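Presented below is the structure to which this report refers.
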Amino acid sequence: MQVTKTDIEDVKIFDPGRHLDERGWLTEIWNPGALETAGVGTNFVQDVLTFSLQAGTVHGMHFQLPPHDQGKLVVCVSGAIFDVALDIRECSPTFGKHVGLKLCAEDPRQCWVPSGFAHGYCTLEPNTKVLYKLTAPYQPLSAAGILWKDVSLKIDWPIDVKEAVVNARDDSWPCLGELQSPFRWDGR
């Protein structure tokens, strides 16, 4: 497992590689020992698979309120996405900053989005499937978010924002400046 650091220390990119032979390839999605070695000692309790029919579909920017906050391991299993992790930890030196990267089915890379971050993505291809491994189960009453197209976030979405396929909930979250974040940076 190769680990790539990002501009935000706690967000990591994992590359489990692929083992090729005449039949095709094999890759790991989750290996607890490898993740622990990479500094992400966690147990996953729920898997979620999403499907988006159209390119330009937006999911995000989501998080769950404590005590139901979640870490997510994000894997694109078909198609391609632009994946975003946004730091919403008060007092963090990277508060309001984000990591954005392309994840696609042709590349085994995965993105670790820890608790204290809002997460979202847009699809770059039709018929895209994304798998999340979650550290806490989804709790509808703890669901929260940040407006994905808040200009103060300076996210360079690789789609036409005016043409995005997005649901009413994700288009009505507050801007970051209106958020009273339940997360605090622990000072590491």
Side-chain angles (χ1 to χ4, degrees), residues 6-14 29-30 32 35-36 38-52 57-77 81-101 103 109-123 128-150 152-155 157 164-188:
T6 67
D7 292 339
I8 300 177
E9 181 180 341
D10 294 329
V11 178
K12 297 179 180 359
I13 301 168
F14 298 122
I29 291 181
W30 173 55
L35 291 180
E36 190 170 324
V40 180
T42 189
N43 289 320
F44 295 107
V45 299
Q46 183 177 4
D47 289 350
V48 174
L49 180 66
T50 66
F51 170 76
S52 298
T57 300
V58 173
H59 296 258
M61 301 287 298
H62 305 142
F63 62 94
Q64 282 200 166
L65 301 169
H68 305 291
D69 48 308
Q70 303 169 317
K72 295 179 181 178
L73 184 63
V74 183
V75 182
C76 183
V77 295
I81 63 172
F82 178 70
D83 198 49
V84 179
L86 172 70
D87 189 348
I88 57 171
R89 301 169 298 171
E90 292 288 341
C91 303
S92 166
T94 55
F95 177 83
K97 305 276 191 243
H98 69 278
V99 171
L101 68 145
L103 298 176
R109 291 188 316 157
Q110 308 166 358
C111 186
W112 168 247
V113 181
S115 172
F117 286 74
H119 172 254
Y121 64 88
C122 68
T123 58
T128 293
K129 293 179 184 171
V130 178
L131 173 70
Y132 318 144
K133 295 192 77 58
L134 303 173
T135 61
Y138 175 70
Q139 296 288 333
L141 297 178
S142 293
I146 303 292
L147 182 63
W148 67 278
K149 59 185 176 182
D150 175 356
S152 75
L153 302 178
K154 299 180 181 167
I155 298 172
W157 294 101
V165 178
V166 61
N167 69 16
R169 182 185 75 162
D170 286 356
D171 233 6
S172 66
W173 293 120
C175 291
L176 182 64
E178 301 166 30
L179 176 69
Q180 293 183 355
S181 181
F183 302 103
R184 292 197 61 81
W185 184 58
D186 65 10
R188 309 185 259 135

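As the structure is a computational prediction, the values presented were derived from the model and not from experiment.
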CG (Leu101) and CZ (Phe82) are apart, to the nearest 0.5 Å, by 7.5 Å

Which of Thr128, Thr57, Thr50 passes side chain to side chain donor-acceptor pair (under 3.5 Å) with Tyr121? It is Thr50

Sorted by chain and number, sequence neighbours left out, side-chain contact (heavy atoms from CB on, under 4.5 Å) with Leu49 holds for Val77, Lys129, Leu131

task = Taking the side chain as every heavy atom from C-beta outward, state whether His62 and His119 have any pair of such atoms under 4.5 Å apart.
result = no

Applying side chain to side chain donor-acceptor pair (under 3.5 Å) to Trp157 and not counting sequence neighbours gives none

CZ of Arg89 to CZ of Phe95, rounded to nearest 0.5 Å, is 10.5 Å

Glu178 meets the side-chain contact (heavy atoms from CB on, under 4.5 Å) criterion, sequence neighbours left out, with Pro174, Cys175

Those residues at least two apart in sequence (or on a different chain) that pass salt bridge (Lys or Arg N to Asp or Glu O under 4.0 Å) with Asp83 are none

Expected list for residues 142-150: side-chain donor-acceptor pairs under 3.5 angstrom, two or more places apart:
residue	atom	partner	partner atom	Å
Trp148	NE1	Asp171	OD1	3.1
Lys149	NZ	Asp171	OD1	3.3
Asp150	OD1	Ser152	N	2.9
Asp150	OD1	Ser152	OG	2.9
Asp150	OD2	Ser152	OG	3.1
Asp150	OD2	Leu176	N	2.8

Asn167 meets the side-chain contact (heavy atoms from CB on, under 4.5 Å) criterion, sequence neighbours left out, with Arg169, Asp170

Separation between CH2 (Trp112) and OG1 (Thr6), nearest 0.5 Å, reads 13.0 Å

Side chains of residues 64-74: which donor-acceptor pairs under 3.5 Å do they make with residues two or more places apart or in other chains?
residue	atom	partner	partner atom	Å
Gln64	OE1	Gln139	N	2.7
Gln64	NE2	His68	O	2.6
Gln64	NE2	Pro137	O	3.3
Asp69	OD2	Ser115	OG	2.5
Gln70	NE2	Ala136	O	2.8

Salt bridge (charged side-chain N to carboxylate O under 4.0 Å, His left out) pairs touching residues 133-145, sequence neighbours excluded, are Asp47-Lys133

Taken to the nearest 0.5 Å, the spacing of Tyr132 OH from Gln110 CD works out to 14.5 Å

